[in-house]
Amino acid sequence: MADEKSLNFLEEIVETDLKEGKYTSIATRFPPEPNGYLHLGHAKSICLNFGLAQKYGGYTNLRFDDTNPVTEETEYVESIKDDVRWLGFQWANELYASDYFQQLYDFAVVLIKKGLAYVDDSTSEEIAAQKGTPTRPGTNNIYRDRSIEENLTLFTNMKAGKYKDGEKVLRAKIDMAHINMLMRDPVIYRIKHAHHHRTGDAWCIYPMYDFAHGQSDSIEKITHSICTLEFVPHRELYDWCIEKLEIYPSHQYEFARLNMTYTMMSKRKLLQLVNEKHVSGWDDPRMPTLSAVRRRGYTPESIREFCDKIGVAKRENLIDIGLLEFCVREHLNKISLRRMVVLDPIKVVITNYPEGKEEILTSENNPEDETAGSRSIPFSRELYIEADDFMEVPPKKYFRLAPGQMVRLKSAYIIKCEEVIKNAEGKVTELRCTYVPESKSGSDTSGIHVKGVIHWVSVAHALPIEVRLYDRLFLTEDMNRIEDDFKNHLNPESLKVLTNVYAEPALKEAKEGERFQFMRTGYFCKDKDSTSTKLVFNRTVTLKDMWAKEVRKGA
RNA sequence: UGACCUAUGGUGUAAUGGUAACACUGCAGAUUUUGAUUCUGCCUUUCUAGGUUCGAAUCCUAGUAGGUCAACCA
């Protein structure tokens with residue numbers, strides 16, 4: 001029996017609308033502005049919009065809100081399409097607000113003819129000054145009373161390019177004393193002699209968001225237009241335009257955007273990080289963009305699961321980034337092949353293992369998935385193990401390697417540390433161990449039980465690789481709360497590059513983007529910077545580490 | 001000195017007038033050839049004050065707190 005999951009408030013609205021026969025099917029849209037890359041906040045919106053349509057039998061349009069040519073570029077359009085597809089969604093139609101420029105222009109003319117719009121010659125400063133404040137009403141200016149004929153002529157001239165940028169605007173004529181600031185004669189068209197990424201130089205006037213978005217929804221017969229909370233006050237204007245234009249009544253609903261701990265989700269600031277080279281690009285694996293988390297090794301399934309788990313509501317939230325990490329671990333644990341990789345090597349010589357001898361051992365690829373099969377791993381007299389897996393003076397409950405102590409080498413033998421060799425500075429350089437020949441994995445007759453199991457790589461067969469370890473980009477939990485420059489909060493240790501790393505030979509076959517669990521250290525993904533001679537892996541996320549926590553508590 | 005939105009464990013989200021629950025986190029334990037995974041148990045919750053009602057997290061009023069609104073951005 002599938003337990004019935006409760007509905008979020010948007011699903012409730014849709015179900016009610018469907019039940020009451022308001023609609024027979026629904027249409028939603030995802031409306032990004034192509035002025036940056038999509039991030040996890042957009043993923044929430046994508047999952048919501050596409051998810052709703054999927055669940056209730058409708059469709060979702062991908063509509064680029066490209067009404068501001070100075071910030072928008074084709075590069076962004078392509079990345080957005082890639083990201084939506086990667087997340088696993090298929091849009092019904094690829095559309096652009098710029099497709100509607102003529103219709104939108106005609107709508108503006110309709111408004112003028114109804115006496116509901118006028119051309120204003122004021123500067124932006126004057127308009128701002130006349131706007132009043134939230135507690136003080138605005139004031140009318142002389143342009144407000146221009147005749148319909150004059151407005152029509154002026155607006156035609158605006159379109160014809162007879163004025164310079166900023167010289168005139170078209171404003172809706174609503175009410176300068178309206179309690180809602182957005183209803184105080186909002187600017188609906190402005191002059192921009194700028195090249196548009198799709199319409200080229202065909203237009204020199206462009207509609208504002210409030211005069212483009214709702215009408216675009218209406219043209220596409222979007223039933224449920226879902227946006228974030230900061231647009232709540234825009235809804236009144238959204239409805240006003242639809243009513244005065246007497247067009248299809250789409251409706252706007254608002255939800256709270258995603259905020260995440262230690263994460264900055266503002267496109268503008270992310271752009272700044274890219275431009276000022278604090279990161280290597282929009283897809284730097286430390287970024288919260290979808291192209292970055294993809295490169296880092298996150299799966300689309302885990303992002304969708306995350307969006308499902310965080311829910312949808314109308315109150316401000318701050319999601320623990322640990323939940324995202326939980327989701328990706330949960331998925332990667334099920335699907336990723338295990339490999340042994342030593343990130344910080346220390347050499348072990350097995351003194352009672354014959355020189356020149358080699359054995360081929362077998363290890364399962366994924367204990368969570370029998371169909372994943374197994375692989376061969378070469379074993380020999382000299383090995384690398386993790387420096388962390390040896391302590392000369394171990395604390396209580398440390399069940400890895402220490403002088404006189406035994407551990408099992410994963411899928412191989414039990415070894416015992418007999419001697420510690422140090423260099424002149426007293427640093428441990430080599431461990432001399434003996435192995436128990438009867439303790440071979442799968443045919444262990446030694447009767448010895450050891451608690452610790454560690455990973456290892458045969459020196460003679462080791463594959464050198466580069467590994468990039470990522471930590472949170474920011475050190476401050478709630479980046480919405482800061483008052484100083486957000487760059488002051490950057491984590492200087494958000495990237496650590498390890499170049500003295502050895503992997504088992506099987507990793508050589510890895511394909512770009514392929515994800516693995518490096519046993520006991522974390523999940524990793526082969527990076528696009530890899531070449532035939534240099535393999536590079538990104539750490540997606542560490543494994544949960546109870547021992548590290550234990551150590552921290554002791555400290 | 002306004003309007004609008006919001007208020008449930010540490011963090012999210014449910015409960016739709018009838019026993020406050022689920023996930024993450026945290027803590028404790030079992031299993032484990034990954035100190036992973038898995039499994040078990042535990043901790044912790046209705047902003048305040050009134051009102052309506054047999055009964056309120058839920059409805060009403062007021063207060064308080066947080067958010068939003070004064071771009072020719074979206």
Side-chain angles (χ1 to χ4, degrees), chain A residues 3 5-8 12 31-33 35 65-68 70-72 120 122-124 127-129 131-138 165-171 178-182 184 186-192 205-206 208-210 212-213 227-236 254 256 261 267-268 309-320 322-327 329-330 333-334 338 340 363-364 367-368 397-400 407-412 414 439 441-442 444 449-455 480 517-522 542-550:
Chain A
D3 47 340
K5 218 188 154 219
S6 56
L7 305 176
N8 66 47
E12 275 180 18
E33 183 189 9
N35 67 345
D65 230 329
D66 55 350
T67 58
N68 185 1
V70 302
T71 57
E72 295 154 6
D120 193 331
S122 308
T123 64
S124 59
I127 289 177
K131 203 130 205 172
T133 70
T135 55
R136 221 190 305 269
D165 287 9
E167 213 174 313
K168 287 180 167 47
V169 290
L170 184 71
R171 292 228 254 168
H178 203 287
I179 201 80
N180 181 348
M181 299 281 299
L182 285 160
R184 318 239 262 230
V187 172
I188 57 178
Y189 261 93
R190 77 291 215 191
I191 300 168
K192 274 180 195 281
I205 57 170
Y206 293 93
M208 297 287 290
Y209 166 85
D210 285 305
H213 201 100
C227 61
T228 47
L229 246 29
E230 62 265 32
F231 290 95
V232 169
H234 292 253
R235 190 175 60 231
E236 196 170 9
E254 311 87 11
T261 55
K267 256 202 271 184
R268 209 192 85 244
K309 276 183 152 60
I310 59 177
V312 181
K314 295 186 76 160
R315 58 173 147 161
E316 296 293 326
N317 57 75
L318 183 62
I319 308 287
D320 188 341
L323 182 61
L324 213 217
E325 296 176 342
F326 169 83
C327 291
R329 283 191 189 107
E330 186 183 43
N333 176 50
K334 291 195 187 99
R338 313 294 126 122
M340 291 202 282
S363 191
E364 54 197 342
E368 306 292 319
K397 290 192 289 180
Y398 184 84
F399 40 85
R400 303 177 189 178
V407 277
R408 172 171 292 281
L409 299 171
K410 171 69 185 172
S411 298
I414 292 172
S439 67
S441 257
D444 187 347
H449 176 75
V450 293
K451 187 106 170 146
V453 179
I454 64 172
H455 59 283
N480 287 325
Q517 184 196 104
F518 290 179
M519 296 199 78
R520 304 207 308 130
T521 57
T542 60
L543 251 33
K544 217 165 112 186
D545 191 347
M546 293 305 280
W547 174 246
K549 197 177 283 179
E550 197 74 28

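Here is the naming used below: chain letters follow the sequence lines, and residue numbers restart at 1 for every chain.
- Closest to the A:Glu368 side chain, of the nucleotides B:rA14, B:rU33, B:rA36, is B:rA36.
- Taking the nucleotide of RNA chain B with the nearest heavy atom to each of A:Ile319 and A:Lys410, the more 5' of the two is matched to A:Ile319.
- In terms of phosphate contacts, A:Ser6 brings no side-chain nitrogen or oxygen within less than 4.0 Å of OP1 or OP2 of B:rC22.
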Practice task
With salt bridge (Lys or Arg N to Asp or Glu O under 4.0 Å) as the test, would you mind laying out the steps for A:Asp165 and A:Lys192 before giving the verdict?
Solution key: CA-CA 5 Å; A:Asp165 287 9; A:Lys192 274 180 195 281; over 6 Å; no
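- Comparing A:Ser441 and A:Thr135 by the nucleotide of RNA chain B that holds the closest heavy atom to each, the one mapping nearer the 5' end is A:Thr135.
- Among the heavy atoms of the strands lying under 4.0 Å from A:Gly442 is at least one base atom, whether or not backbone atoms are also near.
- When atom types are taken as modelled, the side chain of A:Arg408 and the backbone of A:His449 share no donor-acceptor pair closer than 3.5 angstrom.
- Within the 4.0 angstrom heavy-atom criterion, base atoms lie near A:Lys397.
- At a cut-off of 3.5 angstrom, the base of B:rU34 holds no donor-acceptor pair with the side chain of A:Arg520.
- Using a 4.0 Å heavy-atom distance criterion, A:Asp545 is classed as a sugar-phosphate-only contact.
- Within 4.0 Å (heavy atoms only), A:Met208 reaches sugar-phosphate atoms of the nucleic acid but no base atom.
- Distance check: A:Arg171 CZ to A:Ile188 CD1 gives 10.5 Å after rounding to the nearest 0.5 Å.
- At a threshold of 4.0 angstrom between heavy atoms, the contacts of A:Ser122 include nucleobase atoms, whether or not backbone atoms are also involved.
- Counting any heavy atom pair closer than 4.0 Å across all strands shown, A:Phe518 reaches no nucleic acid atom.
- Base contact: A:Thr123 has a heavy atom under 4.0 Å from a base atom.
- For A:Asn317, counting side-chain heavy atoms from C-beta on, the closest listed nucleotide (B:rU34, B:rU1, B:rU13) is B:rU13.
- The aromatic ring of A:Tyr209 does not sit over the base of B:rA74; the criterion of centres under 5.5 Å apart with planes under 30° is not met.
- A:Val312 comes within 4.0 angstrom of the backbone, heavy atoms only, and of no base.
- Contact annotation for A:Phe399: base contact, defined as any heavy-atom pair under 4.0 Å involving a base atom.
- Proximity note for A:Asn68 (side chain, C-beta onward) versus B:rA74, B:rU6, B:rA14: the nearest is B:rA74.
- With a 3.5 Å ceiling on both atom-pair distances, the Watson-Crick or G-U wobble partner of B:rA3 is B:rU68.
- Ring geometry, A:Tyr209 versus A:His234: the interplanar angle exceeds 60°, so the pair is classed perpendicular (tilted spans 30 to 60°).
- If you check every strand for non-hydrogen atoms under 4.0 Å, A:Pro367 touches a base.
- For a distance-only test at 3.5 Å, the side chain of A:Arg400 qualifies as a donor-acceptor partner of the base of B:rG35.
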For nucleotides 65-69 of chain B, list the nitrogen or oxygen atoms of the protein found under 3.5 Å from its nitrogen or oxygen atoms, one pair per line.
from, atom 1, to, atom 2, distance (Å)
B:rG66, O3', A:Arg481, NH2, 3.2
B:rG67, OP1, A:Arg481, NH2, 3.1
B:rG67, O2', A:Glu316, OE2, 3.2

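- Within the 4.0 angstrom heavy-atom criterion, only backbone atoms of the sugar-phosphate kind lie near A:Val232; the bases stay farther away.
- Contacts of A:Gln517 with the nucleic acid, taken as non-hydrogen atoms under 4.0 Å apart, include base atoms.
- In this structure a side-chain-to-backbone donor-acceptor pair under 3.5 Å is missing from A:Lys410 to A:Met340.
- The nearest whole Å value for the distance from the CZ atom in A:Arg184 to the P atom in B:rA70 is 11 Å.
- At whole-Å resolution of the value, OH in A:Tyr189 and C1' in B:rC73 are 16 Å apart.
- Counting to the nearest Å, the P atom of B:rC72 and the CG atom of A:Asp165 are 14 Å from each other.
- The NZ atom of A:Lys314 sits 13 Å away from the P atom of B:rA14 (whole-angstrom rounding).
- A:Ser122 places no side-chain N or O within donor-acceptor distance of the main-chain N or O of A:Ile127, the cut-off being under 3.5 Å.
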Please list, for nucleotides 24-32 of chain B, all pairs of protein and nucleotide N/O atoms separated by less than 3.5 Å.
from, atom 1, to, atom 2, distance (Å)
B:rG26, OP1, A:Lys549, NZ, 2.5

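- Between A:Arg190 and B:rA71 there is no side-chain N or O to OP1 or OP2 distance below 4.0 Å.
- Here B:rU34 presents its C1' atom at 16 Å from CH2 of A:Trp547, a figure rounded to the nearest Å.
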